[in-house]
2 protein chains.
Amino acid sequence: MTTIQTQDELPLTESTFFILLSLAGGPRHGYAILKDVQTLSDGRVNLSTGTLYGALSRLLEQGWIARLDSSPAPEEARPRKEYILSDLGRRILNAETARLSSLAERARLRLAGGEA
Amino acid sequence: MTTIQTQDELPLTESTFFILLSLAGGPRHGYAILKDVQTLSDGRVNLSTGTLYGALSRLLEQGWIARLDSSPAPEEARPRKEYILSDLGRRILNAETARLSSLAERARLRLAGGEA
DNA sequence: CCGTAATATGTCGTATGACGACATATGGCG
DNA sequence: CGCCATATGTCGTCATACGACATATTACGG
C-alpha cells in the first residue's frame, strides 16, 4: 500500500507550519492568513508577502491546501482567493505537531537531567 | 545593556537544533555528533557531512559552540576535533526548546478544539 | 474631494542552509 | 590484504525565507 508517508515531509519550515495552522482554523484568504499568523505567534512571525504567496502556490501544487471555490459573491469586486486545508495537509500538520512535541520533550530531558 | 536577544536567532533549523542538543550532553567531536543525532532522533535525522561540518564552522563563528582544547593525548594520531556548547549556545537551545513547546501547545489547541 | 492607510495579491533578487556526491586518511578486523 | 567504520572536509545544487518593489481597491478623515 502506497500510504503517503507524511513523516518524509517533515520538518516543516516555521512559515509553512503557521500557514497550515492558520488554515486549520477555517478557510482564509492570503492576507487574512498573514494577520492570523501574527496573532498565533504573538507577533513573533511576520510573513513577508513573498514568503506567503510563494508558500501558498507551493502548498497548492503539493495538494496540502486547496482553493475554495466559494461562489464569489458577485458584488465582491475585490480580488480574494480563499484557501482550505486538505486532508493531506491536516495529516501533515498533525505529524508535525507530534514531531514538535517529541522534540521539545527530548530536549527538556537532556537539558534538565544534564546526563549525556 | 546589550543583552543578547536569543529570541532573534530562532527558529533553529532541525540540524542545528540536534547538533546543539547533542553537545548539551557533553563534549563531542563531529562524527560522534553525527551518531548521537541519529540516536536522539530515533534514526529520523541523518546529517550529511556537508551539513554537519558546515554547521559546525558556522556555530563556531557565531560563538554558540567552542573548540575543546582537550590536551590531545599525543598518542592520538587520529584527527579529532572536540566541541562544547557555549553559554550562549545553551541559552539559545533553551529558548528554542521553549519555542517548540509553545508551538506544539498552540497547535494542539487549534487542532483539537477545531475552533477558529 | 483628496490623500493616506489598510486591505489584498503578486514578482524578483539575494542569502542561507540542507543535502548528496566526492575526496582523503587512519584504525581494526577477518 | 582488503574492507568497513571512523573521521574530517569541499563543492555544486536546490529549496525556501525575506525584503523590496509593484499594483489595485476600499475606507476614513480632513
Donor-acceptor under 3.5 Å (B:R28 side chain, B:Y83 main chain): no
Hey, does B:G30 reach any base, or is it just sugar-phosphate, or nothing, if we go heavy atoms under 4.0 Å? sugar-phosphate
Residues in residues 41-49 of chain A with a heavy atom under 4.0 Å of DNA chain C, by number, are A:T49
With a 4.0 Å heavy-atom cut-off, tell me which residues in residues 95-105 of chain A come close to DNA chain D, sorted by residue number. none
Between D:dA17 atom C1' and A:L56 atom CG, what is the distance in whole Å? 14 Å
Report the nucleotide, chosen from C:dT9, D:dA17, D:dA7, that has the shortest atom-to-atom distance to any side-chain atom of A:T51. D:dA17
Contact under 4.0 Å: B:K35 side-chain N or O vs D:dT6 OP1/OP2: yes
Side-chain contact check for B:Y53: nearest option of C:dA8, D:dG9, D:dA17 is D:dG9
Consider the side chain of A:T13, meaning its heavy atoms from C-beta on, and name the nucleotide among C:dT7, C:dG17, D:dA17 that approaches it most closely. D:dA17
Per A:R58 side chain, nearest of listed nucleotides D:dA17, C:dA8, C:dT7: D:dA17
Do NZ/NE/NH1/NH2 and the carboxylate oxygens of B:E14 and A:R99 come within less than 4.0 Å? yes
Below 4.0 Å: OP1/OP2 of D:dT6 and any side-chain N or O of B:R28: no
Applying side chain to side chain contact (heavy atoms under 4.5 Å, CB included) between A:L85 and each of A:L23, A:I19, A:I92, A:L21, report the one that passes. A:L23
Once you build an axis from the first five pairs and another from the last five of the helix from C:dC1-D:dG30 to C:dG30-D:dC1, how far apart in angle are they, to 10 degrees? 10°
Ranking A:L34 and B:S15 by the position along DNA chain C of their nearest nucleotide, the one closer to 5' is A:L34
Go through D:dA17, C:dT7, C:dA18 for me and flag the one nearest to the B:A55 side chain. C:dA18
Lys/Arg N to Asp/Glu carboxylate O, B:D8 vs A:R44, below 4.0 Å: no
Any Lys/Arg nitrogen of A:R58 or A:E61 sitting under 4.0 Å from an Asp/Glu carboxylate oxygen of the other? no
